[in-house]
Amino acid sequence: MGPFDRLTEAARAAAVLARAGVLHPEPPSRMLRIASAVRHWGPSLAALFAITAARFDSRIALVDEVGPLTFAELDHRTDALARGLGDIGVVAGDTVGVLCRNSRSFFDVTGALAKLGVNVLFLNTGFSAPQVRDVMQREGARVLVHDDEFTPIALDAGVATRVLAWTDTGSNADHEQPTIDGLIASHHEGPGLPRPAREGRTIILTSGTTGAPKGALQGRPSDPLGGIGVLERIPYRARETMVIAAPCFHSWGLTNAMVSLMLGDTMVLERSFDPEHTLASIEWHRAQVLVAVPVMLSRILELPEEVRMRYNTSSLRVVPLSGSALPGDLATRFMNVFGDVVYNLYGSTEVGAVSVAVPDDLRTAPTTAGRPPHGTEVRLLDDQDRDVAPGETGRIFVRSPLSFDGYTDGATKAIVDGFMHTGDTGHRDAAGLLFVEGRDDDMIISGGENVFPAEVEDVIAQHPDVVEAAVIGVPDAEFGQRLKAFVVPRAGAQLGVDDVRDHVRANLARFKVPREVEFVDALPRNATGKVMRRHLD
């Protein structure tokens with residue numbers, strides 16, 4: 001890239017940041033405090049807490065069940081907790097597991113560990129004790145910070161050193177093991193924290209929908225302005241209010257939380273998702289943004305209309321989604337009720353953001369993954385690593401400044417000419433919109449025909465009497481595999497097997513019609529909303 005190109009990119013980034021409100025005039029005294037924070041902490045996650053405290057000070061950073069915390073208070077709490085964790089033996093280079101729902105505790109410990117130069121291992125709140133034990137051992141984590149509700153799991157997992165985070169009462173003063181509140185209170189005053197000799201790493205666990213979750217190392221983007229393209233496609237704005245319903249232990253919730261801090265937004269944190277409570281939070285806080293995963297929108301739409309109408313959600317401007325595929329016409333059904341607010345990001349923990357579908361895209365094609373943000377390139381390759389033509393199915397490869405730094409075991413994803421494989425297959429239409437057809441390893445071969453479950457699931461989900469569906473392949477003596485659909489019907493619907501099969505037959509090729517249909521009350525999902533296909537049979 002030549003000097004003119006770099007200048008053009010810098011001007012583009014400045015325009016995006018100005019529109020979002022990131023570039024904003026500041027008084028000299030505040031600029032000095034911001035510069036001091038940058039100089040002390042360097043370009044790190046620790047700096048984010050210090051910089052936002054210097055910039056936004058008494059503005060509310062987050063609201064949880066206990067109440068509000070300002071940016072200055074959050075920074076001070078992370079300083080105090082860092083001193084306290086240091087006193088119980090946590091040092092730079094250690095790895096600490098975090099098993100917490102969305103609350104101030106999650107951000108207290110995230111900021112404290114960053115300021116100590118400690119690796120943070122975010123654990124799925126849906127894990128069993130054996131899973132916690134196995135992941136902690138594999139990643140070399142010797143300390144676990146956990147909410148009180150997970151105490152039995154932590155004990156069964158055999159974790160030697162534990163720090164208690166959240167309790168149902170909002171107070172954790174009366175416990176034998178160290179607590180976040182106790183460590184903050186006892187280290188409220190103390191010397192300033194030195195910059196750690198090494199920067200701590202963030203370890204996000206993959207979803208584990210088809211096998212054991214892997215630890216993915218998240219580093220700084222290869223391009224300091226790597227996230228500008230996403231900010232250009234999803235209109236986040238500074239000093240707004242963001243309800244974060246998606247879990248922050250996963251990359252989607254965590255990324256939005258970091259965006260909220262950077263913009264000086266107020267995060268409204270939900271420890272567990274309840275569709276009606278989410279609508280109430282939007283009304284009460286006049287929230288402009290709701291961060292969710294697709295299944296949460298389904299649950300909101302399942303509420304009776306009279307319940308939905310109780311809440312004024314007219315402040316809602318942006319509903320960014322990610323974490324799993326958009327089923328059927330969910331996006332348009334939601335926008336028909338709440339306005340054109342849905343922005344669907346397709347990406348993964350490994351490759352970052354691949355594409356974004358804006359409301360106009362979703363109105364045109366409700367299942368599209370949209371288009372790549374500026375600075376991200378996407379190729380669709382066949383089995384010989386050759387580009388496929390529009391309309392043809394290929395493996396999705398991405399070159400992005402937001403790609404991960406590899407798995408903690410040293411492995412990485414397949415790479416072709418600098419493009420990383422997402423593990424998915426898809427196609428582009430004539431207009432250039434990207435469509436994800438499914439995972440490589442989800443493909444079902446039935447009678448010699450290739451079938452990707454997502455296509456069949458989308459069609460079934462469009463039936464007016466269906467809430468959602470999942471399709472798998474089961475062994476078949478004649479065809480090798482046959483399609484089996486698991487269907488969640490709407491309450492009170494009179495839906496039969498033939499209704500489902502006839503609906504698919506009317507919209508897809510005959511070989512894509514499920515030979516078996518089983519009606520279920522709910523699909524097995526992990527905490528981020530993805531269907532756990534290995535639990536279907």
Side-chain angles (χ1 to χ4, degrees), residues 60 62-65 67-68 102 234-237 240-247 252-253 256 260 265-345 357-364 366-367 458 460-469 487-495 521-523 525 529:
I60 302 300
L62 64 85
V63 179
D64 61 9
E65 294 174 34
N102 294 6
I234 304 179
Y236 297 101
R237 295 291 181 265
E240 291 194 330
T241 299
M242 180 185 293
V243 174
I244 301 185
W252 181 236
N256 277 276
S260 180
D265 285 354
T266 296
M267 287 185 278
V268 179
L269 300 174
E270 300 206 335
R271 283 179 41 76
S272 57
F273 174 72
D274 175 87
E276 185 175 357
H277 184 263
T278 296
L279 296 180
S281 291
I282 293 169
E283 178 185 53
W284 179 259
H285 296 281
R286 305 302 298 151
Q288 292 88 1
V289 182
L290 168 63
V291 179
V293 296
V295 68
M296 293 176 176
L297 301 199
S298 294
R299 300 294 180 259
I300 290 173
L301 290 177
E302 287 171 31
L303 291 170
E305 183 178 3
E306 62 269 21
V307 174
R308 295 200 308 263
M309 294 300 291
R310 292 174 191 161
Y311 304 99
N312 180 358
T313 59
S314 59
S315 62
L316 198 59
R317 193 176 59 79
V318 180
V319 180
L321 300 177
S322 192
S324 62
L326 270 175
D329 57 352
L330 174 63
T332 51
R333 288 192 291 115
F334 189 87
M335 290 193 295
N336 288 342
V337 176
F338 295 94
D340 285 3
V341 295
V342 176
Y343 293 77
N344 185 43
L345 184 144
V358 301
D360 285 348
D361 297 331
L362 295 167
R363 287 289 186 190
T364 301
T367 61
D458 285 341
I460 296 174
Q462 290 173 17
H463 191 288
D465 289 332
V466 171
V467 175
E468 57 186 353
V487 178
V488 180
R490 296 197 183 282
Q494 300 298 313
L495 189 66
D521 293 332
L523 299 178
R525 294 182 180 272

Kindly give the heavy-atom pair with the smallest separation between [X] and [Y], and that separation in Å.
| X | Y | answer |
| --- | --- | --- |
| Pro327 | Asp458 | CA-OD1, 3.4 Å |
| Ala245 | Met296 | O-CE, 3.2 Å |
| Ala522 | Val488 | CA-CG2, 3.9 Å |

Determine whether [X] and [Y] make a side-chain contact, defined as any pair of heavy atoms from C-beta on separated by less than 4.5 Å.
| X | Y | answer |
| --- | --- | --- |
| Trp252 | Leu345 | yes |
| Phe338 | Leu279 | yes |
| Arg271 | Asp64 | no |
| Ile60 | Thr266 | yes |
| Leu330 | Pro294 | yes |

Item to complete: Answer yes or no: does atom CD of Glu306 have more than 12 heavy-atom neighbours from other residues, nucleotides or ligands under 6.0 Å?
Response: yes

Next on the checklist: For Glu468 and Arg299: C-alpha separation, side-chain torsions, deciding distance, then whether salt bridge (Lys or Arg N to Asp or Glu O under 4.0 Å) applies.
Outcome noted: CA-CA 11 Å; Glu468 57 186 353; Arg299 300 294 180 259; 3.3 Å; yes

Please check: side-chain N/O of [X] versus main-chain N/O of [Y], any donor-acceptor pairing under 3.5 Å?
| X | Y | value |
| --- | --- | --- |
| Arg490 | Val466 | yes |
| Asn256 | Ile244 | no |
| Arg333 | Leu301 | no |
| Asp274 | His277 | yes |

Sequence-distant partners of [X], side-chain hydrogen bond (donor to acceptor under 3.5 Å, both in side chains), two or more places apart:
| X | answer |
| --- | --- |
| Thr313 | none |
| Arg363 | Asn336, Asp340 |
| Tyr343 | none |
| Glu276 | Arg310, Tyr311 |

Side-chain polar contacts of residues 286-293 - donor-acceptor pairs under 3.5 angstrom, sequence neighbours left out - could you list them?
residue : atom : partner : partner atom : Å
Arg286  : NH1  : Asn312  : O            : 3.3
Arg286  : NH2  : Ser314  : OG           : 3.2
Gln288  : OE1  : Thr241  : N            : 2.8

Side chains of Tyr236 and Asp265: any donor to acceptor distance under 3.5 Å?
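No.
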
Distance-only donor-acceptor check, side chains Ser281 and Glu270, under 3.5 Å: yes

Sorted by chain and number, sequence neighbours left out, ring pair (Phe, Tyr, Trp, His ring centres under 6.0 Å) with Phe273 holds for none

| Test log, rule salt bridge (Lys or Arg N to Asp or Glu O under 4.0 Å), inputs Glu240 and Arg317 | CA-CA 10 Å; Glu240 291 194 330; Arg317 193 176 59 79; 2.8 Å; yes

